[in-house]
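When reading the values below, keep in mind they use all heavy atoms of this one structure, side chains included, and skip hydrogens, waters and symmetry mates.
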Amino acid sequence: MKCRSVACIWSAAPPSLHRVTAAAVLDQPPTLYTGGADGSVFWWSLSGSEANPEIKPVAMLCGHAASIADLAICHPTAVLGDGKTESSGCGALLSACKDGVMCVWSRASGHCRRRRQLPPWAGSPSNLCTLQSNRRYVCVGCSFVDASQLVEHQSVGSTQEVELLLDSEYHHRRPPKCTVVIVDTYTLTIVQTILHGNLSTGLPRYMTLFSSAEDGEKYSAVLVNSHGGMQQVPISKDSQPDGENRGGLPRNGSEPRIIDCTNGFMEDGVVLSCATTGNIIALLLSNRCIFRVVDTAVTIGEVSLTNDLCPQGVTGHFHGAVGCMFLESGYHEILPGQCNRMCTVNFIIWNVDGSATLYLVSYSDSLFDCRPLSSISAASHPECLRLSVHFIQLKNYLLRIESVCFGLKELLQWKPHISIWSLLRNHDQSKLFQQCEFVGEGVSCFDLISESSLFHESKDWDGLEQGDILNSKYANRLHAGNNSPSLNGRIVSSSMVISGDSCAPYAVVYGYCNGDIEIVQFDLIHVPGYHGESSSLEVNSDVCRRYFTGHTSAVLCLAAHHMAGNAKGWDFCKVLVSGSKDCTVRIWDLDNGNLITVMHHHVAPVRQIILPPNKTERPWCDCFLSVGEDSCVALASLETLRVERIFPGHPSYPDRVVWDGVRGYVACLCRSYLGTSDTSDVLFLWDIKSGARERILRGVASHSMFDHFCKGINMKSVSGSVRDGSTSVSSLLLPIVEDIGFSKPHIENSEKGFSSAGAMATSTKRVESSTHKALLSKESSTVQGGSSIVESIKHSIKCSCPFPGVATLCFDLTSLMLLPQGDELCGIQIKKAGSPVKRDGVAEFADNGAGPNTSNSHMESNCIRSLEESIVRFSLSVLHSWGVDDGLDQLLITDMKLIRPENFIVGPGLAGDKGSFTVTFPCTSAVLELWKLSSEFCAMRSLTMVSLAQRMVSLCHSCSVASSTLAAFYTRNFAEKVPEIKPPSLQLLVSFWQDDSEHVRMAARSLFHCAASRAIPLPLSSQEVTNHIKFVSSMAGKNEDEHENPKEQMVSDIAVMEERQTEEILQVEESNILIWLESYEVQDWISCVGGTGQDAMTSHIIVAAALAIWYPSLVKPSLAPLVVHHLVKLVMAMTEKYSSTAAELLAEGMADIWKACIGSEIPRLIGDIFFQIECVSGTSTSPAIPTKIRETLIEILLPSLAMADIHGFLNSIESQIWSTASDSPVHLVSLTTLIRVVRGAPKNLAQFLDKAINFILQTMDPGNSIMRKTCLQTSMTTLKEVVRVFPMVALNDNLTRLAVGDAIGETSNASIRVYDMPSVTKIKVLDASAPLGLPSFLAGSSGMAVTTVISALSFSPDGEGLVAFSEHGLMIRWWSLGSVWWEKLSRNYVPVQCTKLIFVPPWEGFSPKTAQRSVMASIMGPGGPSSPQEKLKGAGEDSLNILIHNLDLSYRLEWADERKVILSRHGHELGTFPL
């Protein structure tokens, strides 16, 4: 399990390429999603009152690197064992981009549940349509022609014409290949291929789904081309889970039925938009809109876009129509035989300037009417701006999404703007047009960022305040009228985080559109010695900024490298490489800011700089690859400062290039979307050393080989990523590699999608505690040992830049907590060094051949400990929610020395699947929105903060008060400050109960207990069943009032009915609990921590068991009997993650909760545990049970089970004597467990004391020498512990005699057994039945009563006599026997009467009515004389339990001299008695 907390560093200029290409909405909770041309998806939340709504951006979803093709709302569900389905949350967003990557985003948690890529044979996605009958499945339309790629930098108005030309070209030539597939959104796998082949109707531009009028369960996909030609493709019912096509291979469905509707369209132009409702489809052309029935291809009407579409009093044409949409209303389909039935639906058409007209469309089989109702005014933007408009309905509002374009030199920048229009308005029938009511507008994400102090305080290089730009007339849209150089300079074109050689992120580098480069150093941590003294440093508000100027156009790529060798004639060791749109590559010295050289080997813009991966040999480790739009890849050396290799001949720009440093190959994948098939993608493999082209692969084989190539690099990479080092290449461009591709267990959970800048070294298994120990105990070269620790510290924080200007810092809690402790570092030996050279704050000592040096080791230890403390402070400074509690903030600044990140714009985020991120916009409302919506985010962020706060106490004792206050804030005070925040996920917290770090374990348990009362899952909550029963009772009472009947029979019937209904409700609730316990679906929290379906089920069991133990009043009473069997199975499954926790919970609640449920199964469970212990014994090097689980079973669970059923435990350990080997560890475990029982439940063991003694003696039997040799020491320890606890068991001083008296029994059969310890045999039985000389009728009256018999025993100092005290009757018996007598009668078991009997007078405070009864109390009883039959009834189970509860084990007999004995109780002397 991984707990990853994400912080996003925003630049002053946010992403400016969000031209909205798709939109989707969720009604509950009101949510809008917009997909942009840059691949980003914005998450907007609708809030406010109905009359004054407000829509605000919450977060940016980063999962795509290409333009968003379409968005759709789906409901991922999992099919349970009984055939039922369970939905995950309130719905999810499915996004698809042009390069085939699909993501499922959870609305509840906000993160990416799944990120997968369609197979290359499917093509580029263009349309998404959710199946209404089962919203888990989505129909995806793909093709191999993407005309928008050609018009990406052209005007919006010409897009349709270019698409028409392309479609006409392919229509007259070879038909384009298209694919329609059904995708399961739960796994993002293809379950059915509906269509895979060429289309005769041309390239489809739109796709929609409709159900047949005859059979509502039959669905068809309708593909519409640019000329209105439609092709129907039936969807067979086997697209459900039963017919899953696991391999995703093409499997054609039914033969498609072609409907040609192009007649009359060709002369009118292209279809601009398409909309459907039911079985009606609307096709929008430039001058009219045509409505047709899909099934019959019959035109039912059309609307001419003329005067009636204009506002009242305005004449002309509806110029520039671009879109149409049906609104949700009371629509009814046209059914055969209902020609007189009129159906109505609302319909809207909008044009390029944002103006729209709302219609009321009425139709039947023979009539059609379209009447305009109202209009929406055009957007108010300067004419010089370009505009792209989308409309979408959200509840009772109509949202207009405007994408405003302004040009900056050769670049196009886009900003979204949203306006809200109300649909709830009574239309005046006398007026032709009415203006829709404008009720609100969205808050721009750019305005949120402008609120930060950095954006207002930072100045442009020309001296212009950025605040002046935002305060212009069109501040929220940044219109083109303000086309100043300063505005151009603030637009980020590339960015990266430098962290490759430092132990924490050192700085953020921004490349701007005007060619300037800015380096902003983090002011939250000081890394000494990273940068040298430089005159170019400018310190402003404790932040270091450096500026590199020289490029004449936009900086498109950046990379930072630490030299392994030395360049000829140069002394630099850290360089910055930048590629620009001016076709140059510049190399800068990061230490002093000087320009080293300029390279001109590209004739087109340079898009990527790729650094050598780890383990690359010299001289290639000091080289880099540059990838340009001239389809050329070049290898340049930083030592020679020249180009060493040129790899030309690529058919197009190779957007995916990876470098295998171990094998010395470069793979370049050139993807083309403009072919008619999938064979246009080409992979080139180049040999670095020779510069020769090794192989060319095309089509599907190119993608397969590229993925295989990347998997091999991941397995060799230290960071577990394709690329190592600091680079600006987006982490989203890295190939999506599945976990199953890794064969090595220690990297099966490694991160594949993150940028390798500061990536975590996953070559060792981080989740094992042995990692930490092995790091310190491994005997290797001394320098290597020290560098391993530095490497572990360095890779605790991962950095990446999914988009220019958006940098993410991912803090891995596991690696942060497993950093070496300061005292453990003292054991690390480091070779003696000459003069230490500080690099990145870590002293790197040069090897001069000397031996280990203690002084250097101590210096290294202090240095690393200081770095640990700095990294924890840095993490807390970035991750803390500043501004919620001012008092806490001030305490953290003064006592803990944290630095509030005022010079950076920081927002929280979530890490998703395969390198995806969800980053919130940096404002209080957006940050709190994530806390209020996502229980997963609350759990992970709180767990991280509390764990780090506790770790800080161990690192710096002086800040313990501040650390404790910080931990308390995230444990409970945050919820008090902001009551609306979501309680943390209990399932996620319990998954860290067995973490290797004690801080994480304690933090997870503390958070669980603080949140349990607020976060109990609904199926387990007792309030829910109580409400159901109250509801049924109230309904029954209501029926009784309505039907009053004086007869008692009616009242009885109502009571029976109410009882029956209550039983049914309870049965339903139990069924729901079982379904919840056995649910295996991958929930949001599972995908957040990288778990599996097994983790989901086991966490449910752990949560339910914990709630049943600690909060029984808050859960349903039937929960404990239902969950206990799952808990036992989980224990015996011996899984490393959860069996220890399950064993602890089973032991915790055994006495109070579980014993009543599984009392009869305890002996079998004990036997199973012994069997598991027996299985792992021997010489096996890889035991079936991990050590941690074995310790939990032996030390926690087994004693608990033994104390719950002592008799069953004793029977089990006795059976192990004969069923297992003599040297089996089971016998030792049995003895140690018996010690725990003696200490934990001595009173319950008292009645089985003789059985326990017999077992101990069997393990010491001289006849079994092997067992005696194995167990003798432990057996003697156990026996001495029994003697210490039980006063009725005694050993003589020389350990040769053992006496065991009956603690509980019948007075008529009471005895004392004497054993010879050397031979371990019973040698004599002493009679302790009835007082000597007591009348028989008196003894008979109480002889059958079960009571305390022997209260204390003691051997005389010479070991030849024995004295016994009985609380029942207050008697002391004395046996005085010589050694000859012992040997003479050793084999005679006839009970021996005592030599002397002494009656003990009652002491002060003794009463015959107490549990300690005297002789007269035994005879008379508390109520006077009683018959023997009445006394027999006193030996029942209740009396026995009371007797055991009142058993007094504090009596002791001590010898004053050879003939005097002292009786004491609880250490107080009761008397001295001569013998």
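Using modelled atom types and a 3.5 Å distance limit, the side chains of Gln994 and Thr1141 yield a donor-acceptor pair. No side-chain donor-acceptor contact under 3.5 Å links Ser1219 and Ser1215. Between the side chains of Ser1354 and Trp1455, at least one donor N or O sits under 3.5 Å from an acceptor N or O. Side-chain N/O atoms of Thr1307 and His1368 include no donor and acceptor closer than 3.5 Å. For the 3.5 Å distance criterion, the side chains of Tyr1111 and His1009 qualify, holding a donor opposite an acceptor. If you check the side chains of Asp1261 and Gln1258, you find no donor sitting under 3.5 Å from an acceptor. Lys1251 and Asn1211 are linked by a side-chain donor-acceptor pair at a separation below 3.5 angstrom, with hydrogens and angles left out of the test.
Nearest heavy atoms, Gln1216 versus His1227: O-CE1, 3.2 Å. Shown here for Asp1327 and Trp1375, the closest heavy-atom pair between the two residues is O-CZ2, 3.1 Å. Nearest approach of Gly1149 to Ile1109, heavy atoms of both residues: N-CD1, 3.9 Å. Nearest heavy atoms, Arg1373 versus Ala1328: NH2-O, 3.4 Å. Considering every non-hydrogen atom in both Leu1449 and Pro1242, the closest pair reads CD1-CB, 3.8 Å. Closest of all the heavy-atom pairs between Met1150 and Ala1204 is CG-CB, 3.4 Å.
Checking side-chain atoms of Ser1366 against main-chain N and O of Val1349 turns up a donor-acceptor pair under 3.5 Å. Using modelled atom types, one side-chain atom of Thr1395 and one backbone atom of Ser1376 make a donor-acceptor pair closer than 3.5 Å. Using a distance-only test at 3.5 Å, with no hydrogens or angles considered, a donor-acceptor pair links the side chain of Trp1154 to the main chain of Leu1145. Under a 3.5 Å cut-off, the side chain of Asn1292 and the backbone N or O of Thr1296 do form a donor-acceptor pair. Using a distance-only test at 3.5 Å, with no hydrogens or angles considered, a donor-acceptor pair links the side chain of Thr1232 to the main chain of Val1229. In this structure, Ser1224 contributes its side chain and Thr1220 its backbone to no donor-acceptor pair below 3.5 Å. With Thr1192 contributing its side chain and Ser1140 its backbone, the two residues share no donor-acceptor pair below 3.5 Å. Ser1464 places no side-chain N or O within 3.5 Å of a backbone atom of Glu1469 that could act as its donor or acceptor partner. Within the 3.5 Å criterion, the main-chain N or O of Gly1208 finds a donor-acceptor partner in the side chain of Ser1212.
Counting heavy atoms from C-beta outward, Leu1234 and Leu1210 have side chains that approach closer than 4.5 Å. Contact annotation: the side chain of Met1260 never approaches that of Met1267 to less than 4.5 Å [non-hydrogen atoms, C-beta and beyond]. Side chains of Ile1304 and Leu1443 form a contact here, defined as non-hydrogen atoms less than 4.5 Å apart. You'll find the side chain of Met1097 stays beyond 4.5 Å of the side chain of Leu1130, heavy atoms only. Inter-residue side-chain proximity for Glu1161 and Arg1164 is flagged as met; some heavy-atom pair is nearer than 4.5 Å.
Surrounding CG of Leu1295 are more than 12 heavy atoms belonging to other residues, nucleotides or ligands, all under 6.0 Å away. Residue His1445 places its NE2 atom among 12 or fewer non-hydrogen atoms of other residues, nucleotides or ligands, all under 6.0 Å distant.
Between Ser1222 and the choices Ile1217, Thr1270, Asn1264, Thr1259, the side-chain contact (heavy atoms from CB on, under 4.5 Å) rule is met once, by Asn1264. For the pairing with Ile1235, the side-chain contact (heavy atoms from CB on, under 4.5 Å) check across Leu1279, Val1285, Thr1277, Val1282 returns one residue only, Thr1277.
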Does Asn1244 form a side chain to side chain contact (heavy atoms under 4.5 Å, CB included) with Val1237? I'd like the steps, not just the answer. CA-CA 9 Å; Asn1244 294 330; Val1237 175; over 6 Å; no
Please determine whether side chain to side chain contact (heavy atoms under 4.5 Å, CB included) holds for the pair Gln1172 and Met1132, giving the CA-CA distance in whole Å, both sets of side-chain angles, and the decisive distance to 0.1 Å. CA-CA 9 Å; Gln1172 295 289 349; Met1132 302 314 299; 3.9 Å; yes
Tell me, with the steps shown, if Leu1193 and Ile1173 meet side chain to side chain contact (heavy atoms under 4.5 Å, CB included). CA-CA 9 Å; Leu1193 292 178; Ile1173 296 173; 5.7 Å; no
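A centroid separation of less than 6.0 Å is found between the aromatic rings of Trp993 and Phe1008.
Note on Glu1195 versus Arg1236: no salt bridge recorded, every NZ/NE/NH1/NH2 to OD/OE distance being 4.0 Å or above. Ionic pairing of Glu1454 and Arg1465 is not present here: no N-O contact between side-chain nitrogen and carboxylate oxygen is shorter than 4.0 angstrom. Taking a cutoff of 4.0 Å between a charged side-chain nitrogen and a carboxylate oxygen, Arg1313 and Asp1302 qualify as a salt bridge.
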